[in-house]
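All chains are named by letter (A, B, ...) in the order of the sequence lines, taking the proteins before the strands, and each is independently numbered beginning at 1. The basis for the numbers below is simple: all heavy atoms, side chains too, and nothing from hydrogens, waters or symmetry mates. As the structure is a computational prediction, the values presented were derived from the model and not from experiment.
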Amino acid sequence: MSIRRFLACLTALLGVLFFNTARLSAAESSGIRVEAILVWATQVAKTNDASLKELEPQLTRKLRKAYKWDLYYEVRRKEVMVSGKEATKIPISEKCSLDIKHLGEERFEVHLTGKGKAVSRTVESLAHGHIMVVAGDDKNDTAWLIVIRELPAKK
Amino acid sequence: MDFETELKLQAYLDGELPETEAREIAKFLAQDQEAALLLGELKNTRQALKGSEIVVQLPESREFYWSKIEREIERLEKPQRVEQKRPFIFRLQRILVPVTGALAVAVFLGITLFGNSGTALGETELATEDMGAITFRSESEGMTTVWLYDRGDSELSDEPAPDSVEPR
């Protein structure tokens, strides 16, 4: 490879890098749409409780593949705009909340707080439909799950 | 006797004169006593030098020795290549190539070292020792699970426990 061609390739690569950085910075400044869904997983159908509704089929299929439970009920759903400047708080319940911060690219830092005390901190990529589930066991062989995912930007 | 005649006498002695000229010199020697004396002196001098002349032995063959000298003379006689003035872009290239390379390395290292804030994907830190976490990351399923244990749902969430959502 001649020096001229090498320089041209290198310049193009740097250009792409700078363009990408600028694009990400622009997205970061306006914020990224993130959704958190509190889900209750069980084997027993709860058809009479109005506060519970069945989780969307696509997500249910995904969860069924990963966990032992067959039924997944949506308890609460929150959508927020997350930026890299400061963490965005998402109240999941009266005692539980998430703090999400955008670290750059598709990386997010998720803090879980329970009863006012920090519980855990996780860094995860939510690129290309990748979801993150923070979960724990509940009574009578059930479980609670918080599904966190990135939503496409509004046009 | 002039200098020219002296030189001819020397040439005569060395056998370097053409035949006709040599004959003329021989006649001249027979008539001129001074010339005959000079010739005798030259003969004596040559005789004396013959015994004391240093013979130099060449380390290689005579032909090769002289061919080396010839090549050296030819080399020195060749015209020196004139340094052409190169265009500005070529001179700039000398600076640009290392600078661009260093910049590319710096960008790569910057992204690698500082781009991820020092935390690996899916890595979970717990704030309390009373809790444990199992993290499972699946690229194929597009899903990461952080399963917290040793603290029940009731401590983290006030969502309905199974008993409370039983059909009434």
Please say whether more than 12 non-hydrogen atoms of neighbouring residues, nucleotides or ligands are located less than 6.0 Å from [atom1] in [X].
X: B:Glu21; atom1: CD; answer: yes
X: A:Gln58; atom1: CD; answer: no
X: B:Arg62; atom1: CZ; answer: no
X: A:Glu86; atom1: CD; answer: no
X: A:Arg64; atom1: CZ; answer: yes

How close do [X] and [Y] get, heavy atom to heavy atom, and via which atoms?
X: B:Ala127; Y: A:Ala118; value: CB-O, 3.0 Å
X: B:Glu141; Y: A:Lys62; value: O-CE, 2.8 Å
X: B:Ser138; Y: A:His130; value: O-CE1, 3.7 Å

> Picking from A:Val134, A:Ile131, A:Val110, A:Ile146, which has the most non-hydrogen pairs under 4.5 angstrom with chain B?
Replying inline: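 When all of A:Val134, A:Ile131, A:Val110, A:Ile146 are compared, A:Ile131 has the most.
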
> For B:Arg137 and A:Ser125, what are the C-alpha separation, side-chain angles and deciding distance, and is it a side chain to side chain contact (heavy atoms under 4.5 Å, CB included)?
Replying inline: CA-CA 11 Å; B:Arg137 190 170 202 277; A:Ser125 166; 3.9 Å; yes

> Is it true that B:Leu13 and B:Met1 fall in one hydrophobic cluster, defined by side-chain heavy atoms closer than 4.5 Å?
Replying inline: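 Yes; tracing contacts between hydrophobic side chains, which count when under 4.5 Å, links both residues.
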
> Does B:Leu7 share a hydrophobic cluster with B:Phe28, counting links as ILVMFWY side-chain heavy atoms below 4.5 Å and allowing steps through other members?
Replying inline: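 Looking at the clustering, B:Phe28 is in a separate group from B:Leu7.
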
> Atom OG1 in B:Thr135, atom CE in A:Met132: separation rounded to 0.5 Å?
Replying inline: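 Result: 8.0 Å between the selected atoms.
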
> Hey, what do you get for CE (B:Met131) to OG (A:Ser120), rounding to the nearest 0.5 Å?
Replying inline: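 Interatomic distance, B:Met131 CE to A:Ser120 OG, rounded to 0.5 Å: 7.5 Å.
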
>> Which residues pass the salt bridge (charged side-chain N to carboxylate O under 4.0 Å, His left out) test with B:Asp2, not counting sequence neighbours?
In response: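 For B:Asp2, no residue satisfies salt bridge (charged side-chain N to carboxylate O under 4.0 Å, His left out) once neighbours in sequence are set aside.
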
Side chains of [X] and [Y], heavy atoms from C-beta outward: is any pair under 4.5 Å?
X: A:Leu145; Y: B:Thr145; result: no
X: A:Leu63; Y: B:Met143; result: yes
X: A:Val133; Y: B:Thr144; result: no

>> Quick check on A:Lys65 against chain B: is it the side chain, the backbone, both or neither that has a heavy atom closer than 4.5 Å?
In response: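 Contact with chain B is through the side chain of A:Lys65 alone.
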
> Heavy-atom distance under 4.5 Å to chain B: side chain of A:Ala66, backbone, both or neither?
Replying inline: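 Just its side chain gets close to chain B.
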
